[in-house]
Amino acid sequence: MKSLIRASIVVAGLCTAGITICSAVNVDTSNSGGTIRSGRLWYDTAGHVINAHGGGIMYHEGTYWWYGEHKVYGSQGNRAHVGIHVYSSTDLVTWRDRGIALPVADAPLRQGMSTSEKTPDSDICDGCVMERPKVIFCPKTGKFSMFFHLELKGQGYRAARTGIAVADKPEGPFKFLRSFRPNGQMSRDMTLFVDNDGKAYHIFASEENKTAHVDELTDDFLDYTGKSVRIMIDESTEGIGICRHGGKYWLIGSGCTGWAPNTARLYVADRIIGPYKRLGNPCRGTNPINNTGPELTWGGQSTFLLPIHGTDRVIAMFDIWNPKNHEESRYVWLPVDFSGEMPTISWLDEWKP
Ligand code: DGJ
């Protein structure tokens, strides 16, 4: 029988002006055994809770880089007070904290700056919303491009912008370049995808989240060519993750119910620009931690499809959001089974990738 040990640890150990994010949380230390244990708290190699929500993973030269939203304590913890956190791993189980890849512009205490050097006018100032960051490597420039969903401070979710940043190294520091609506269109939940021909695409929930867009990027992966295609029209799909497998493009998404879980849906297409055919819910089994089944995605929401390098295996990544305390949101990572007529994702308490 596995013993559950309750312990207190310090999360991230960072503070910003007026916001305490040095909270101690109760953790279940039975989760740190070299396997993926969905729905439990996960720890980095320093013993701190991994804080990288709504994330995406880039494989680059033997290492996986996990970029995610650094959430803070409380119901307003989805506001960006720290920035985009990055972790690295070679086995997808053991994660090393590589720091804040893209900090909010005015993180004076952490950066040792005086408050007079704050830059509250920046689009990514403390209190904005930075969600679903994704990073891709651009072979032409040798740089790393980060795109994320940005909401401006004090404007709720009305701005619906994309933020773009660039770095020379995967761990950053990323330099924030600009934010705007791509091709003039609203953009919220999003992912990036580099196709076999080297072309990169930004796929995002647009048109008040009703219809998604696939926008082709320029060959520096920092701008748009103007080619844009509407997909999943009027299907209100969020939490979009995409991968290529068996010559087809597989897209997982959720419905639009804020932080509350709903039923996942899988789509397939012959080309990245679609058309995407809806296949239904790929989830199977029950999450015993919250006793929630596949019709509510085990209490979670899709966030990314990760191909395991050098194999034809894919990991489906989800977030179990905790809107009362965003910092305590959990991760669900499960293998995608492509063997049947329709790919399925079954709950596993514990597995090795
Ligand atoms: C659902 C989205 O998938 C999340 O990323 C976040 O934007 C919430 N909505 C906000 O309610």
Side-chain angles (χ1 to χ4, degrees), residues 51-57 66-85 102 104 123-124 127-135 146-163 179 181-182 185-193 202-213 231-232 235-242 251-267 281 283 292 296-305 316-333:
N51 199 332
H53 306 275
I57 293 180
W66 176 5
Y67 302 87
E69 307 158 16
H70 184 112
K71 299 290 199 193
V72 302
Y73 180 81
S75 61
Q76 293 300 307
N78 64 317
R79 303 278 174 251
H81 299 295
V82 177
I84 305 303
H85 212 136
L102 176 64
V104 292
D123 290 352
I124 59 165
C128 72
V129 170
M130 297 163 82
E131 291 182 346
R132 301 192 178 270
K134 305 289 177 303
V135 173
M146 178 190 289
F147 284 47
F148 57 96
H149 167 202
L150 176 77
E151 297 293 347
L152 300 175
K153 184 179 181 179
Q155 296 188 25
Y157 276 77
R158 291 189 295 281
R161 292 194 190 195
T162 292
S179 85
R181 289 183 168 184
Q185 298 293 316
M186 300 175 89
S187 58
R188 293 200 180 99
D189 280 12
M190 54 141 287
T191 195
L192 295 176
F193 182 80
H202 178 206
I203 301 100
F204 54 93
S206 190
E207 304 180 32
E208 295 290 6
N209 294 343
K210 287 198 176 69
T211 294
H213 290 192
I231 60 167
M232 304 183 297
E235 298 210 21
S236 297
T237 306
E238 288 190 320
I240 298 169
I242 291 193
L251 186 155
I252 194 167
S254 70
C256 293
T257 52
W259 302 109
N262 56 58
T263 310
R265 67 282 283 268
L266 189 72
Y267 294 82
N281 182 5
C283 303
T292 305
L296 285 180
T297 319
W298 314 293
Q301 183 188 24
S302 51
T303 194
F304 197 70
L305 291 177
M317 295 166 49
F318 304 80
D319 295 280
I320 297 182
W321 300 115
N322 182 346
K324 291 195 178 125
N325 180 4
H326 283 273
E327 189 187 59
E328 285 226 28
S329 298
R330 306 291 171 94
Y331 313 107
V332 171
W333 291 9

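First listed ligand is number 1; within each ligand, the first listed atom is number 1. Only heavy atoms go into these numbers, but all of them, side chains included; no hydrogens, no water, no symmetry mates.
- Ring geometry for His53 against Tyr331 counts as parallel: the plane angle stays under 30°, on a 0 to 90° scale with 60° as the upper cut.
- Looking at heavy atoms from C-beta onward, Cys283 lies in side-chain contact with Thr297 at the 4.5 angstrom threshold.
- One finds a salt bridge joining Glu151 and Arg188 here, because a Lys/Arg side-chain nitrogen approaches an Asp/Glu carboxylate oxygen to under 4.0 Å.
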Identify all N/O pairs between ligand 1 and the protein with a separation under 3.5 Å and present them as a table of atom names and distances.
{"unit_1": "ligand 1", "atom_1": "3 (O)", "unit_2": "Arg132", "atom_2": "NH2", "d": "2.9"}
{"unit_1": "ligand 1", "atom_1": "3 (O)", "unit_2": "Asp189", "atom_2": "OD1", "d": "3.3"}
{"unit_1": "ligand 1", "atom_1": "3 (O)", "unit_2": "Asp189", "atom_2": "OD2", "d": "2.4"}
{"unit_1": "ligand 1", "atom_1": "3 (O)", "unit_2": "Gln301", "atom_2": "OE1", "d": "3.2"}
{"unit_1": "ligand 1", "atom_1": "3 (O)", "unit_2": "Gln301", "atom_2": "NE2", "d": "2.8"}
{"unit_1": "ligand 1", "atom_1": "5 (O)", "unit_2": "Glu131", "atom_2": "OE1", "d": "3.3"}
{"unit_1": "ligand 1", "atom_1": "5 (O)", "unit_2": "Arg132", "atom_2": "NE", "d": "2.9"}
{"unit_1": "ligand 1", "atom_1": "5 (O)", "unit_2": "Arg132", "atom_2": "NH2", "d": "3.3"}
{"unit_1": "ligand 1", "atom_1": "5 (O)", "unit_2": "Asp189", "atom_2": "OD1", "d": "3.2"}
{"unit_1": "ligand 1", "atom_1": "7 (O)", "unit_2": "Glu131", "atom_2": "OE1", "d": "2.6"}
{"unit_1": "ligand 1", "atom_1": "7 (O)", "unit_2": "Glu131", "atom_2": "OE2", "d": "3.4"}
{"unit_1": "ligand 1", "atom_1": "9 (N)", "unit_2": "Gly258", "atom_2": "O", "d": "3.4"}

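- In summary, the side chains of Arg132 and Thr303 do present a donor paired with an acceptor at a separation below 3.5 Å, with no hydrogens or angles considered.
- Salt bridge status for Glu328 with Lys71: absent, with no side-chain N to carboxylate O gap under 4.0 Å.
- Shown here for His326 and Asn78, the closest heavy-atom pair between the two residues is CD2-N, 3.5 Å.
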